[in-house]
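Contents: one structure, followed by commentary.
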Amino acid sequence: MINITQPSNFPIIDQPSSPRCVRVCQNRTCKKQGALKVLEAFAALPIPGVTVTASSCLGQCGNGPMVLILPDIVWYSAVQPDEVSLLVEDHLLGGQIVKQMLYYRFHPQKSN
């Protein structure tokens with residue numbers, strides 16, 4: 001039986017102070033689509049205060065390489081190594097989401 005009043009062992013994440021993290025899927029399908037080169041491209045452009053990690057499956061197979069930016073919860077799909085600098089400059093350093101690279105399932109495009 002679970003005691004609901006018992007405090008959780010998990011830390012409470014306060015989004016504004018949470019460190020930024022870039023997760024690059026390295027599971028089978030994303031790997032076949034070039035995810036290792038995407039991970040290497042992020043690693044080649046170190047960003048202060050941002051951790052870049054290899055991720056296990058992000059559950060969006062066939063749409064990769066998948067990149068998830070936390071704590072923003074922004075998903076990018078079909079990311080290519082030569083596009084990483086755009087994500088770094090615009091999103092991670094400039095605070096602007098790169099709309100043309102957003103993953104359509106989690107970030108539907110609004111029509112005019």
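Here, residue 1 is the first one in the sequence, and each next residue gets the next number. Note that this is a predicted model, so its numbers are computed, not measured.
- Using a 4.5 Å cut-off on side-chain heavy atoms (C-beta onward), Val22 and Thr51 make no contact.
- Applying side chain to side chain contact (heavy atoms under 4.5 Å, CB included) to Trp75 and the options Val67, Leu102, Leu58 leaves one that passes, Leu58.
- In this structure, Tyr104 is a member of the same hydrophobic cluster as Ile73, with clusters built from ILVMFWY side-chain heavy atoms closer than 4.5 Å.
- Between the side chain of Glu89 and the backbone N or O of Leu86 there is no donor-acceptor pair closer than 3.5 Å.
- The side chain to side chain contact (heavy atoms under 4.5 Å, CB included) test with Leu92 singles out one residue from Leu45, Ile69, Val84, and that residue is Ile69.
- Val50 and Met66 are not part of a single hydrophobic cluster, where members link through side-chain heavy atoms under 4.5 Å apart.
- Rounded to the nearest 0.5 Å, atoms NZ (Lys31) and SG (Cys57) are 12.5 Å apart.
- With hydrophobic clusters built from ILVMFWY side chains whose heavy atoms lie under 4.5 angstrom apart, Leu70 does not share a cluster with Val52.
- Taking 4.5 Å as the limit, every side-chain heavy atom of Cys30 sits out of range of all side-chain heavy atoms of Gln60.
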| task | Would you check, one step at a time, whether the test side chain to side chain contact (heavy atoms under 4.5 Å, CB included) holds for His91 with Gln96? | result | CA-CA 5 Å; His91 188 136; Gln96 299 296 316; over 6 Å; no
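- For the pair His107/Val74, a side-chain contact is recorded, criterion being any heavy-atom separation below 4.5 Å from C-beta on.
- The two residues Gly62 and Thr29 come nearest to each other via the heavy atoms N-CG2, 3.5 Å.
- Using a 4.5 Å heavy-atom cutoff, the side chains of Val79 and Leu87 are in contact.
- Of the possible donor and acceptor atoms, none in the side chain of Tyr103 sits under 3.5 Å from a partner among the backbone N and O of Asn63.
- Between Thr53 and Phe42 the shortest side-chain heavy-atom distance does not fall below 4.5 Å.
- The 12-atom threshold is exceeded at CD of Gln100, counting heavy atoms of other residues, nucleotides or ligands nearer than 6.0 Å.
- Leu93 and Leu68 fall into different hydrophobic clusters, where Ile, Leu, Val, Met, Phe, Trp and Tyr are joined by side-chain heavy atoms under 4.5 Å apart, directly or via other members.
- Taking 4.5 Å as the limit, every side-chain heavy atom of Cys25 sits out of range of all side-chain heavy atoms of Arg23.
- Taking each heavy atom of Pro19 and Pro71 in turn, the nearest pair found is O-CD, 3.7 Å.
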| After noting the C-alpha distance and the side-chain angles of Gln33 and Arg28, does the key distance pass the side chain to side chain contact (heavy atoms under 4.5 Å, CB included) rule? | CA-CA 9 Å; Gln33 294 172 320; Arg28 278 179 270 168; over 6 Å; no
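- With hydrogens and angles ignored, the 3.5 Å screen pairs no side-chain donor or acceptor of Gln26 with any backbone N or O of Ser56.
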